[in-house]
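One structure is given below, encoded as C-alpha cells.
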Amino acid sequence: DVKVTQSSRYLVKRTGEKVFLECVQDMDHENMFWYRQDPGLGLRLIYFSYDVKMKEKGDIPEGYSVSREKKERFSLILESASTNQTSMYLCASSLGASVYNEQFFGPGTRLTVL
Amino acid sequence: GQQLNQSPQSMFIQEGEDVSMNCTSSSIFNTWLWYKQEPGEGPVLLIALYKAGELTSNGRLTAQFGITRKDSFLNISASIPSDVGIYFCAGQVGRAGTASKLTFGTGTRLQVTL
C-alpha cells in the first residue's frame with residue numbers, strides 16, 4: 001500500500017514564525033503535491049514537483065515555498081506565517097505525471113497561526 | 001485558479017436513502033474524478049472517468065461524465081453509516097505533465113442518520 005505521511009497532525013504557530021511542513025512517501029513516486037483545504041473552498045493546489053529539485057507553482061503559491069531535495073520528501077515552507085494561513089494542509093503523491101496515475105493523500109496537518 | 005462548484009454543500013439523509021450530488025464547471029475537463037474524505041484522513045479516490053458520457057460504477061457508487069465535459073454526477077445507492085464524509089469532485093484538463101494537475105470542487109458533506 002502507498003503510504004504518504006505528514007510530520008504533524010496538528011501544529012500551532014505564531015504570526016511571523018517560519019514554519020516547515022514535511023511530507024514523506026514510501027512508494028518511489030515521481031510527483032508530489034501540496035494542497036490547502038478550507039471549508040467551502042475545497043482543495044487548492046499550492047505547489048507541486050515532478051522531480052527532485054524541481055518545483056512548479058500551483059494556484060495559490062503566494063506566501064509559500066517548497067523544497068524537494070530527495071525523491072521521497074517534499075517540504076512546504078511558510079516563510080513568515082500569517083493568520084490567513086490557518087488551514088488544513090494536505091500532501092499527495094502520484095507515480096507519474098499521467099492523468100491515469102492516482103494521487104494518494106496524506107492525513108493532513110491542521111495548522112493554526114495565532 | 002478555477003474552482004468547481006459542487007452541490008449540495010451538505011446533506012443529511014437517513015440510512016437506506018439514495019444520494020445524488022453534482023459538480024459543474026465553466027470550462028471543459030477531459031477527466032473527472034470523485035474522492036471521499038473521511039474525518040481525520042486525506043481524500044481517497046472512488047471513481048475516475050475519462051470519456052464524455054461515460055457511466056462508471058464502484059459498488060453502490062455510480063458516477064457519470066457529462067456530455068458537455070463541464071459537469072459530473074455521483075450517486076450513492078442505499079446509503080449506510082460508513083458513507084459519512086466529504087465528497088470532492090476533481091477535474092483534469094490535460095492527459096500528462098503539468099496539464100494533468102487537479103482542480104477540486106468545493107465538496108459535499110454527507111451525514112447519515114440511523
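Worth knowing before you read on, the calculation uses all heavy atoms, side chains too, and leaves out hydrogens, waters and symmetry mates. Quick note on labels: first sequence line is chain A, next is B, and so on, each numbered from 1.
Going from atom CZ of B:Phe104 over to atom CG of A:Leu90 covers 8.5 Å, rounded to the nearest 0.5 Å. How far CZ of A:Phe33 is from CG of B:Leu102: 7.0 Å, rounded to the nearest 0.5 Å. The CZ atom of A:Phe105 sits 5.0 Å away from the OH atom of B:Tyr35 when rounded to the nearest 0.5 Å. To the nearest 0.5 Å, atoms CD (B:Gln92) and CD (A:Gln103) are separated by 7.0 Å. Here the CZ-CD distance, from B:Phe88 to A:Gln37, works out to 4.0 Å after rounding to the nearest 0.5 Å. Interatomic distance, CG of A:Leu43 versus CD1 of B:Ile86, reported as 9.0 Å (0.5 Å rounding).
Side-chain heavy atoms closer than 4.5 Å link hydrophobic residues (I, L, V, M, F, W, Y) into clusters, and following such links, even through other members, never connects A:Leu95 to A:Val4. Note on A:Leu41: it does not cluster hydrophobically with A:Tyr35, by side-chain heavy-atom contacts below 4.5 Å among ILVMFWY residues. B:Val19 and B:Trp34 fall within the same hydrophobic cluster, where Ile, Leu, Val, Met, Phe, Trp and Tyr residues are linked whenever their side-chain heavy atoms come under 4.5 Å apart, directly or through other members. The cluster map of Ile, Leu, Val, Met, Phe, Trp and Tyr, joined by side-chain heavy atoms under 4.5 Å apart, puts A:Val66 and A:Val24 in different clusters. Both B:Leu46 and B:Leu4 are part of a single hydrophobic cluster, where members link through side-chain heavy atoms under 4.5 Å apart.
In A:Arg44, the CZ atom is crowded: over 12 heavy atoms of neighbouring residues, nucleotides or ligands sit closer than 6.0 Å. Heavy atoms of other residues, nucleotides or ligands lying less than 6.0 angstrom from CD of B:Gln9 number 12 at most.
Using a 4.5 Å cut-off between heavy atoms, B:Leu33 does not touch chain A at all. Of the two parts of B:Gln37, only the side chain, counted from C-beta on, holds a non-hydrogen atom closer than 4.5 Å to a non-hydrogen atom of chain A. For A:Leu45, the part sitting under 4.5 Å from any heavy atom of chain B is the side chain, from C-beta outward, and nothing else.
Between the side chain of A:Arg9 and the backbone N or O of B:Gly40 there is at least one donor-acceptor pair closer than 3.5 Å.
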